[in-house]
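Reviewing the structure listed below.
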Amino acid sequence: MNLALRDVRRHLPRFVGTAAGLALLFAVVIAMQGIYAGMVDDAKILTRTMGADLWVVQRDTLGPFAEASRLDPSLVRRAAVVPGVARARGYTYAIVQREHEGRTLRLALVGLSWPDDRGAELPLERGRELSRGRGELIVDRTLGLDLGDVLPLGDESLEVVGVTRDTLTSAGDAVAFLSIADWHSVVDASPDEALRLERERARARLLGTELGRSQPWLSELAIDPRWRAPVLPEPPLHAVLVDVAPDASPTEVEARLAGWPDVRVLSTPAQEQVLLDSVVGRAKLQIGLFTVILTLTAMVVVMMVLYTLAVEKTHDIAVLKLLGARRPTIAGLVLQQAWLLGLLAYLVAVGIGAMLYPTFPRRVVLTDEIRFLAPVVIFVVTTGASLLGVAHAMRVDAGKVLEG
Amino acid sequence: MSVSVRGEGLVKRFGRGEAAVRALDGVSIALDDGVIAALLGPSGSGKSTLVKALGLVQLPDEGVIHFRDRVVARDGLAVADLAELRRSHLGFVFQKANLVSFLSARENVEIAARIGGQRDPRARAEELLAYLDVGHRAKAYPEELSGGEQQRVAIARALANRPALVLADEPTAALDKERGRAVMELLRRVAHEQGAAVLVVTHDHRAMDVFDVVYEMEDGRLTGPLARSRDDAHAAAPTSAT
């Protein structure tokens, strides 16, 4: 006869209510871990979805996800001819926020080196990759746009041709993929008035020089938007993605590229590590602290609940002791109830999570590690929390029963 | 007739120095199998202390307790596994039924039988509940039982481990006259039919005819036996009182 089960059966509504309250606490603890895992996964997605072997970034920088990294577009051609390189692509990255149909869209724009990179590696849920160099966009589904929707960004009107799944930044922003040409049009776009004023400043700067004064016709060229001085640099890239040929050694290719004095080369795992250290490093500490505090809170709550349950059973325990019940039987009554409470709370927490986590603004990823550790931690917490109740049960004097 | 339990020179003190009280003051008593004995006395006379001592729940400071001619406690120290003795050989009935609140009537008896090492605890529980005319209430929880039913279930529980000694501390105090009488009759049946030694602490002088032997306590001292039962065959062995 299992006494713990009998007690639970007798006080089922209260027990279930307690477990439900505890489940909410556990659901929050699990969610914290899931959110962190989601941040890590999101951080890795940015690099993983590009499918590159090496990331070439500006020297002395950690790449576009950590800080500004500016590379001349010619680097794509330089990298492409390095022995062992199968493909080199440009990459640009920026966070933009725009109003669209009455709501604020915040998204990470990733420029793809069309036509070499059309987004074939992206996790498309619907639609297709980019087929044109201008006017097309692939977005994450969390942005709420559908195929055929047109999103005005800067001077461009971009048509959604593909929808991806789980392509978010570590901050939870949806990622949109477009050609680098469109990317520059969107990110570098300036208001008309700003352009006009800049032209006037260019004309004034030119006329302030001897050249401008001696050849005033040059000022007309300076303010003509169709004309661009060939000495001016092309808009920069933020990284160059390199695919290593199957028969080449990534280490050797990396070493060759790293020999260039103007770049730094990061393998994809190294780029992921940069993201984890620089972007989610603090979040990890923060969430870790929250998790520890919440776990301790859960432990204290369970402890008080179990202690109260044990105190309420003092008389019953005294009777059982008087009947000669062994110590393991008495301890088991409290301990098994703690485990039952933990098990029920865990199952309810899983149910709550299944319902609520998908509605969270941040992605909650329940990794295999979390799925394994959560019940183990709950078992340890409930076992530890039951010790006070067990100690009380052990101290109960059987003789109290005889005192009426 | 064999002696179930025997206490010799039992002394129990509470408090220290001049404020010390001798709840048991050199009590000697022997309870025989198949005999029901009454223990009378005013409040504070030491009755419950004696029951605790013989029930191996609270050992006296001095004296020796024998169980089946084996010394189990001497001068406040256990010399045997007292919990095991309680499990296997002792049954308790209290003023209040003291049933385990989260177990049904049957389960209350069954757990005692199980703890007492009975081979088929459930069958034993059902048999006892039927014997005490509460078999029809087997599934009821204590709070759903009347006072009389609770006390009968408590007696069934006390018998679940086929005890050699049943200790009953004012088992009829919470019952009306009719139900109290019925409980006393039940305890007598237990002694005479099941062969257990039964010691009943009571204030109820109207039921004296039920008992084979009557003891009285006052100021921690025992006197008796003061009366004999109707059936001399079940008379207790002479017991010293100091």
Side-chain angles (χ1 to χ4, degrees), chain A residues 1-19 305-306 308-341 344 389 392-404, chain B residues 43 47-59 81-104 106-117 121-122 125 141-144 154 157-158 160-161 163 167-170 173-174 201:
Chain A
M1 183 192 297
N2 186 296
L3 293 173
L5 279 176
R6 293 294 193 283
D7 189 30
V8 169
R9 181 191 63 186
R10 186 68 184 134
H11 304 106
L12 194 59
R14 194 179 61 170
F15 190 82
V16 170
T18 306
V305 166
L306 293 173
T308 305
L309 288 173
V311 168
E312 286 176 356
K313 282 195 287 287
T314 298
H315 186 261
D316 291 329
I317 290 169
V319 172
L320 290 167
K321 281 190 169 182
L322 193 65
L323 294 174
R326 293 179 170 83
R327 292 170 72 85
T329 304
I330 302 298
L333 171 60
V334 179
L335 203 53
Q336 289 166 17
Q337 221 161 50
W339 292 335
L340 279 171
L341 194 64
L344 188 59
H392 171 79
M394 292 295 103
R395 282 197 304 268
V396 170
D397 176 15
K400 294 286 180 192
V401 180
L402 296 174
E403 290 171 2
Chain B
S43 295
K47 303 186 300 294
S48 291
T49 306
L50 181 58
V51 167
K52 285 183 192 177
L54 297 176
L56 307 175
V57 175
Q58 187 180 63
L59 295 181
D81 185 347
L82 303 187
E84 170 57 30
L85 285 169
R86 282 207 304 271
R87 263 196 294 276
S88 305
H89 302 294
L90 267 64
F92 294 90
V93 183
F94 315 104
Q95 181 177 337
K96 288 187 285 186
N98 281 320
L99 300 175
V100 177
S101 64
F102 56 82
L103 299 179
S104 68
R106 178 182 59 72
E107 288 166 346
N108 262 283
V109 183
E110 187 182 334
I111 188 70
R114 196 174 291 277
I115 289 171
R122 184 172 179 140
Y141 283 97
E143 65 190 31
E144 297 163 353
R157 182 182 62 186
N161 58 345
L167 297 164
D169 193 358
E170 301 191 41
V201 174

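Residue numbers begin at 1 in each chain, while the letters A, B, ... track the order of the sequences.
A pairwise comparison of heavy atoms in A:Leu3 and B:Ile111 identifies CD2-CD1, 3.8 Å as the closest pair. Here the closest non-hydrogen pair linking B:Arg86 and A:Lys321 is NH2-O, 3.3 Å.
Within the 3.5 Å criterion, the main-chain N or O of B:Phe102 finds no donor-acceptor partner in the side chain of A:Asp7.
Considering only heavy atoms from C-beta on, A:Val319 comes within 4.5 Å of B:Arg157 through its side chain. Within the 4.5 Å cutoff, the side chain of A:Leu322 has no heavy atoms near those of the B:Leu90 side chain.
Distance CG/A:Leu323 to CG/B:Asn161: 8.0 Å, rounded to 0.5 Å.
Using a 4.5 Å cut-off between heavy atoms, B:Leu82 does not touch chain A at all. Contact annotation for A:Leu333: only side-chain heavy atoms (C-beta onward) come within less than 4.5 Å of a heavy atom of chain B. For A:Ile317, no part sits under 4.5 Å from any heavy atom of chain B, backbone or side chain. Only the side chain of A:Lys313 comes within less than 4.5 Å of a heavy atom of chain B; its backbone N, CA, C and O stay farther away.
The side-chain contact (heavy atoms from CB on, under 4.5 Å) check on A:Arg9 picks up A:Arg6, B:Glu107, B:Tyr141, with sequence neighbours excluded.
Of the listed residues B:Gly91, B:Ser101, B:Ala83, the one with more heavy-atom pairs under 4.5 angstrom with chain A than any other is B:Ser101.
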